[in-house]
Colleague: 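Here it is: the structure, laid out below.
Just so we're on the same page: letters track the sequence lines, and every chain starts at 1.
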2 protein chains.
Amino acid sequence: MEKYYQKIKNAPIFYGITDEELDRMLKCFRAYVKSYKSGDIIFRQGEIVSNIYLILDGEVSIEKDSYWGRRMIIQKLYPNNSIGLSLVGSKNVESNVNAVCNSDALVLIFNYEKCSTICHNACLHHNVLIRNLFKILSKENIQLVEKIDNISQKTIRDKLLTYLSNESLKSKTNIIEIPFNRQELADYLNIDRSAMSFELSKLKQEGLINYKKNKFVLKTNI
Amino acid sequence: MEKYYQKIKNAPIFYGITDEELDRMLKCFRAYVKSYKSGDIIFRQGEIVSNIYLILDGEVSIEKDSYWGRRMIIQKLYPNNSIGLSLVGSKNVESNVNAVCNSDALVLIFNYEKCSTICHNACLHHNVLIRNLFKILSKENIQLVEKIDNISQKTIRDKLLTYLSNESLKSKTNIIEIPFNRQELADYLNIDRSAMSFELSKLKQEGLINYKKNKFVLKTNI
DNA sequence: TTATTTTTGTTGTAAAAACAACAGAAATAT
DNA sequence: ATATTTCTGTTGTTTTTACAACAAAAATAA
């Protein structure tokens, strides 16, 4: 456990917390580290989630299975990101998504509720934590609205251009490395992969973008 | 100002706060009430928002204009709902949405930052408030994911059925009154109104649903 | 009440998407 | 190095959608 402290300290969720505090806090939260294999599912649609999961290593995607078996990728998460905040915050709500490991992963797990009922330092810890949770959730909220923006566009072309220019705006550069392969990007934008590939080719031909694998260059600021 | 206290007290954002506390708190936050006319815009895409807006009366919709001029409705908000939480939480972020009054509206406005820097009771107030903000944001988060679920469906039919059954699940009844007219529902689901009307007719003919104006009945539990 | 405006439903047509099937390229395993 | 698997791009066909134009119904104003 202690060997992960350095990693844990860097996570936004524990921002502003001193080393000693962190130590007490993790004990108080009954925190433990669990390792997952690629493909493992951290939690499923329909499960009630009362833990917070902090990714220490690996890649996790938040997905949803449609009634007809199509996969929808909501977002991808990486070390320092945490999962389950909104579920924990709303208490006893069934998860409406799956959290799936895309690679072997290392995850810090702790129970958000336990502390508030058992431990004396509850208030102290909670206040610091909740402040961080609020910040993280607000960012996530903005990201979700951005995703809605991306997938709300009418045509495949518009979805691609909106997605790429949004990414470009965020990174403040017109050279973008996306975390998706083609199939995953299609699942993220809710479009057909082959139709998307076709549209990407057209955009390249027209000189609007260039790309190789998952590296894209936006030629114009659309 | 005082005449609105009863309304203000009922809002989730001030849950668990006593009357005297509320009084001090609102002073501390420099809160004031502003009335808007139908069609007024509370804030626009691109503006930096540092206030929290609590709706006391009226209807406000969170919208986005696409590059091509299409309106996208993200969500509709009503008395007791608050606006701007995620923007305030992320600090100095440009709003990526418009907040538009759909009717004459009454809104409590307060500056979230001001308190933390000026007032002595900052911690006390903030801790209570942030706890509430966290809860509200987590609910909103779940709603946004649900919206993503609705609009991610492949066909117009699937979007309609998913939306209606999600609403049905939430209200735990198969009789639903939706807050949208046809054009607004189309803008919410990002589809063409006439194509949607046509699909609704088909669903009615097939006996899957029934409806009149904005009241819907789900015949089967799809 | 009647006139006017707004909302909703219907239809045909053109555009776009999904789907399927496959070929070539790239990555991985042997 | 070669074989095998995975990923990406291309094409034709079918399905679905958007769009436009209009009719019917409902709501609102005069």
Colleague: Just grab all the ring pair (Phe, Tyr, Trp, His ring centres under 6.0 Å) pairs involving residues 139-175 of chain A, residues at least two apart or on different chains.
Modeller: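 Qualifying pairs, neighbours excluded: A:Tyr163-A:Tyr188.
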Colleague: Quick one: which of A:Ile74, A:Asn102, A:Val97 gives a side-chain contact (heavy atoms from CB on, under 4.5 Å) with A:Ser61?
Modeller: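 Exactly one pass, corresponding to A:Asn102.
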Colleague: Using atom CG of A:Leu203 as one end and atom P of D:dT10 as the other, report the distance to the nearest whole Å.
Modeller: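 So the CG-P distance, A:Leu203 to D:dT10, works out to 12 Å.
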Colleague: Write down the distance between CD1 (A:Ile151) and C1' (C:dA17), rounded to a whole number of angstrom.
Modeller: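 Distance, rounded to whole Å: 16 Å.
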Colleague: Test of understanding: with salt bridge (charged side-chain N to carboxylate O under 4.0 Å, His left out), list the residues that count as partners of B:Asp149, not counting sequence neighbours.
Modeller: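 Partners of B:Asp149 under the salt bridge (charged side-chain N to carboxylate O under 4.0 Å, His left out) test: A:Lys64.
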Colleague: For residues A:Asp65 and A:Asn98, is any side-chain donor paired with an opposing acceptor at under 3.5 Å?
Modeller: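 Result is yes, a qualifying pair exists.
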Colleague: I need the CG-C1' distance between B:Leu161 and D:dT16, as an integer number of Å.
Modeller: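 Atom-to-atom, B:Leu161 to D:dT16, this comes out as 15 Å.
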Colleague: Under 3.5 Å, is there any donor-acceptor pair linking the side chain of A:Ser194 to the base of C:dA20?
Modeller: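 Donor-acceptor pair under 3.5 Å: yes.
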Colleague: Which whole-number value in Å describes the distance from B:Asp192 CG to C:dG9 P?
Modeller: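 Result: 13 Å.
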Colleague: Of all residues at least two apart in sequence or in a different chain, which pass the side-chain contact (heavy atoms from CB on, under 4.5 Å) check with A:Thr173?
Modeller: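 A:Thr173 satisfies side-chain contact (heavy atoms from CB on, under 4.5 Å) with A:Ser171, A:Ile175 only.
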Colleague: Show every salt bridge (charged side-chain N to carboxylate O under 4.0 Å, His left out) that has at least one partner inside residues 165-177 of chain A, sequence neighbours left out.
Modeller: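 Passing the test, one end in residues 165-177 of chain A: A:Glu146-A:Lys170, A:Glu167-A:Lys170.
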Colleague: Among all residues two or more places apart in sequence or in another chain, which pass the side-chain contact (heavy atoms from CB on, under 4.5 Å) test with B:Tyr32?
Modeller: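 If we apply the side-chain contact (heavy atoms from CB on, under 4.5 Å) test to B:Tyr32, skipping adjacent residues, the hits are B:Lys34, B:Ile109.
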Colleague: Could you work out which one of C:dT10, D:dT16, C:dA18 sits closest to the side chain of B:Ser201?
Modeller: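 Of C:dT10, D:dT16, C:dA18, C:dT10 is nearest to the side chain of B:Ser201.
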Colleague: Name the residue closer to the 5' end of DNA chain C, choosing between B:Phe198 and A:Glu199 according to the nucleotide with the nearest heavy atom.
Modeller: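 Whichever sits nearer the 5' end wins; that is B:Phe198.
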Colleague: Determine which pairs satisfy salt bridge (charged side-chain N to carboxylate O under 4.0 Å, His left out) with at least one residue from residues 71-82 of chain B, sequence neighbours left out, and list them in order.
Modeller: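 As it turns out, the salt bridge (charged side-chain N to carboxylate O under 4.0 Å, His left out) pairs with a partner in residues 71-82 of chain B, which skip direct neighbours, are B:Glu59-B:Lys76, B:Glu63-B:Arg71, B:Arg71-B:Asp187, B:Lys76-B:Glu184.
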Colleague: Quick one, give me the B/S/- string for nucleotides 23-30 of chain D, reading 5' to 3', where B means a protein heavy atom under 4.0 Å from the base and S means that only happens at the primed atoms, P, OP1 or OP2.
Modeller: --------
Colleague: Does A:Thr155 reach a base, just sugar-phosphate, or nothing at all? Heavy atoms under 4.0 Å.
Modeller: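 The residue A:Thr155 makes sugar-phosphate contact but no base contact.
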Colleague: Check whether any side-chain N or O of A:Asn210 sits under 3.5 Å from a backbone N or O of A:Val217 as a donor-acceptor pair, and report yes or no.
Modeller: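 Checking the backbone N and O of A:Val217 against the side chain of A:Asn210, no donor-acceptor pair under 3.5 Å is found.
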Colleague: Expected output is a numbered-order residue list: members of residues 177-191 of chain B with a heavy atom under 4.0 Å from any atom of DNA chain D. What is it?
Modeller: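 Of all residues in residues 177-191 of chain B, the ones placing a heavy atom under 4.0 Å from DNA chain D are B:Asn190, B:Ile191.
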Colleague: According to ring-ring contact (aromatic ring centres under 6.0 Å, His included), who are the partners of B:Phe43, at least two apart in sequence or on a separate chain?
Modeller: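 Scan of B:Phe43 (ring-ring contact (aromatic ring centres under 6.0 Å, His included), adjacent residues dropped) gives B:Tyr53.
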Colleague: Measure from CE on A:Met196 to P on D:dG9 and round the result to the nearest Å.
Modeller: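 Atom-to-atom, A:Met196 to D:dG9, this comes out as 8 Å.
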Colleague: Using whole Å, report how far CG of A:Leu160 lies from P of C:dA16.
Modeller: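 Whole-Å distance recorded here is 14 Å.
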Colleague: Kindly write out the residues that satisfy side-chain contact (heavy atoms from CB on, under 4.5 Å) with B:Lys213, not counting sequence neighbours, or none if the list is empty.
Modeller: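 With sequence neighbours excluded, B:Lys213 shows a side-chain contact (heavy atoms from CB on, under 4.5 Å) to no residue whatsoever.
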Colleague: Looking at residues at least two apart in the chain, or sitting in another chain, which of them share a salt bridge (charged side-chain N to carboxylate O under 4.0 Å, His left out) with A:Glu206?
Modeller: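 Result, salt bridge (charged side-chain N to carboxylate O under 4.0 Å, His left out) vs A:Glu206: A:Arg157.
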Colleague: For the helix from C:dT1-D:dA30 to C:dT30-D:dA1, measure the angle between the helix axis at one end and the axis at the other, each built from five pairs, rounding to 10°.
Modeller: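 If I round to tens, the end axes sit 50° apart.
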Colleague: Nearest whole Å is fine: how far is D:dT8 C1' from A:Phe216 CZ?
Modeller: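 Result: 11 Å.
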Colleague: Report yes if at least one side-chain N or O of B:Lys154 is closer than 4.0 Å to OP1 or OP2 of D:dT17; otherwise report no.
Modeller: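 For B:Lys154, the contact criterion (side-chain N or O under 4.0 Å from OP1 or OP2 of D:dT17) is not met.
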Colleague: What integer distance in Å separates B:Arg157:CZ from C:dA17:P?
Modeller: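 Atom CZ in B:Arg157 sits about 22 Å away from atom P in C:dA17.
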Colleague: From the options D:dT17, C:dA17, C:dT10, select the nucleotide whose nearest atom is closest to the side chain of A:Ile156.
Modeller: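 Closest nucleotide to the A:Ile156 side chain: C:dA17.
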